[in-house]
A.B. asks: 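Supplied in structure tokens, the structure appears directly below.
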Amino acid sequence: MAGTIANRKLMSWPETEASPMNKKLKVPSARSSGLRYLVANLCALGVDYLLTLSLFHFADADLSFAAGVSFILVGFLFYFVHEFWTFKSADSRFSRQRLIGNLTVLLVAGAVRVLLIFVLESWKAPIGILATIYFGIGVAGSFVTNFMLNRFFVFRR
């Protein structure tokens with residue numbers, strides 16, 4: 001009997017932190033990925049804002065059009081940030097399926113942004129500080145839409 005117990009001890013993993021039985025699969029929580037999403041998108045927002053206002057003021061584009069173009073360009077680049085940092089996991093790699101999903105989400109979230117800004121532009125012209133306020137309202141709508149769709153559909157793992 002003693003030999004049997006000793007053999008079992010030799011064949012089993014030691015009870016340590018390194019034991020595979022003690023390792024948990026780390027899945028990013030909605031809270032941690034939400035924080036990374038916020039940080040990444042604050043950086044993207046700066047670029048987005050500058051590009052939008054540049055198109056609005058210097059290219060004489062409508063604010064809603066400028067915001068849509070800028071959002072799609074910056075959003076496309078941020079697929080890679082989301083893939084390899086925001087929603088990072090052990091199997092993070094370029095994925096055509098997630099890229100297409102992310103672009104689809106961008107189109108939906110971009111439409112939300114453009115629609116909000118268009119409605120506000122239709123109500124009152126974006127003169128002076130109103131351009132920034134309208135942009136901020138559009139950003140809020142697209143931010144929520146973009147995060148929810150990306151987190152729970154495109155980058156679900």
Side-chain angles (χ1 to χ4, degrees), residues 13-121 126 128-157:
W13 286 92
E15 297 298 323
T16 65
E17 289 291 319
S19 171
M21 301 307 286
N22 291 332
K23 290 189 177 185
K24 294 180 181 174
L25 177 62
K26 290 191 176 185
V27 177
S29 69
R31 185 175 182 190
S32 67
S33 58
L35 182 61
R36 287 193 305 270
Y37 184 84
L38 179 64
V39 169
N41 281 287
L42 285 176
C43 294
L45 181 59
V47 175
D48 187 16
Y49 180 70
L50 290 174
L51 182 56
T52 297
L53 289 186
S54 295
L55 291 170
F56 176 64
H57 289 296
F58 303 119
D60 202 31
D62 289 335
L63 184 61
S64 53
F65 176 79
V69 168
S70 178
F71 181 75
I72 297 300
L73 291 175
V74 172
F76 172 75
L77 294 175
F78 267 73
Y79 155 76
F80 297 97
V81 174
H82 294 327
E83 181 68 58
F84 297 106
W85 187 65
T86 308
F87 303 113
K88 180 182 174 184
S89 73
D91 66 340
S92 286
R93 68 191 185 318
F94 174 78
S95 164
R96 185 182 351 226
Q97 181 179 355
R98 282 191 296 270
L99 176 61
I100 291 168
N102 188 58
L103 291 174
T104 302
V105 167
L106 281 173
L107 291 175
V108 172
V112 168
R113 179 183 289 193
V114 169
L115 180 63
L116 288 170
I117 293 172
F118 177 78
V119 166
L120 292 168
E121 278 183 308
I129 193 71
L130 286 180
T132 298
I133 292 170
Y134 292 0
F135 179 80
I137 291 168
V139 164
S142 63
F143 182 87
V144 170
T145 304
N146 198 350
F147 175 75
M148 297 303 286
L149 293 176
N150 268 316
R151 172 68 177 100
F152 296 108
F153 294 102
V154 177
F155 293 97
R156 70 182 184 281
R157 297 179 193 165

A.B. asks: Please report the shortest heavy-atom distance between Arg98 and Glu83, naming the atom on each side.
C.D. replies: NE-OE1, 2.7 Å
A.B. asks: Please list, chain by chain and in numerical order, all residues satisfying side chain to side chain contact (heavy atoms under 4.5 Å, CB included) with Leu77, sequence neighbours excluded.
C.D. replies: none
A.B. asks: Which atom names give the shortest non-hydrogen contact between Ala66 and Leu55, and what distance separates them?
C.D. replies: CB-CB, 3.6 Å
A.B. asks: Which salt bridge (Lys or Arg N to Asp or Glu O under 4.0 Å) pairs, counting each pair once, include a residue from residues 51-80, with sequence neighbours left out?
C.D. replies: none
A.B. asks: Between Leu103 and Leu107, is the side-chain contact (heavy atoms from CB on, under 4.5 Å) condition met? List the steps.
C.D. replies: CA-CA 6 Å; Leu103 291 174; Leu107 291 175; 5.7 Å; no
A.B. asks: Partners of Ile133 by side chain to side chain contact (heavy atoms under 4.5 Å, CB included), sequence neighbours excluded?
C.D. replies: Ile129, Leu130, Ile137
A.B. asks: Tell me if the CZ atom of Phe84 is crowded by more than 12 foreign heavy atoms within 6.0 Å.
C.D. replies: yes
A.B. asks: If the condition is side chain to side chain donor-acceptor pair (under 3.5 Å), which residues does Tyr134 pass it with, not counting sequence neighbours?
C.D. replies: none
A.B. asks: Could you list the residues that satisfy ring pair (Phe, Tyr, Trp, His ring centres under 6.0 Å) with Tyr79, not counting sequence neighbours?
C.D. replies: none
A.B. asks: In Å, rounded to the nearest 0.5 Å, how long is the span from CG of Leu106 to CZ of Phe71?
C.D. replies: 5.0 Å
A.B. asks: Within the structure provided, determine whether Val114 and Phe65 are in side-chain contact (heavy-atom separation under 4.5 Å).
C.D. replies: no
A.B. asks: Going by the rule ring pair (Phe, Tyr, Trp, His ring centres under 6.0 Å), which residues pair with Tyr49 if we only count those two or more places apart in sequence or in a different chain?
C.D. replies: Phe135
A.B. asks: Can you check whether Phe78 reaches Asn146 side chain to side chain, under 4.5 Å on heavy atoms?
C.D. replies: no
A.B. asks: Report the distance from atom NE2 of His57 to atom OG1 of Thr52, rounding to the nearest 0.5 Å.
C.D. replies: 10.5 Å
A.B. asks: What is the minimum heavy-atom distance between Thr86 and Ala40, and which atoms define it?
C.D. replies: OG1-CB, 3.9 Å
A.B. asks: Do Phe80 and Trp85 have side-chain heavy atoms sitting under 4.5 Å apart?
C.D. replies: no
A.B. asks: Just verifying a value: how many Å separate Ser95 OG and Ile100 CD1, rounded to the nearest 0.5 Å?
C.D. replies: 8.5 Å
A.B. asks: Any side chain to side chain donor-acceptor pair (under 3.5 Å) involving residues 100-119? Give me the pairs, sequence neighbours left out, ordered by first then second residue.
C.D. replies: Asp48-Arg113, Asn102-Asn150, Arg113-Ser142
A.B. asks: Among all residues two or more places apart in sequence or in another chain, which pass the side chain to side chain contact (heavy atoms under 4.5 Å, CB included) test with Ala140?
C.D. replies: none
A.B. asks: What are the two closest non-hydrogen atoms of Pro126 and Leu63, and how far apart are they?
C.D. replies: CB-CD2, 3.9 Å
A.B. asks: Of all residues at least two apart in sequence or in a different chain, which pass the ring pair (Phe, Tyr, Trp, His ring centres under 6.0 Å) check with Phe143?
C.D. replies: Tyr37
A.B. asks: Kindly write out the residues that satisfy side chain to side chain contact (heavy atoms under 4.5 Å, CB included) with Val108, not counting sequence neighbours, or none if the list is empty.
C.D. replies: Thr145, Leu149
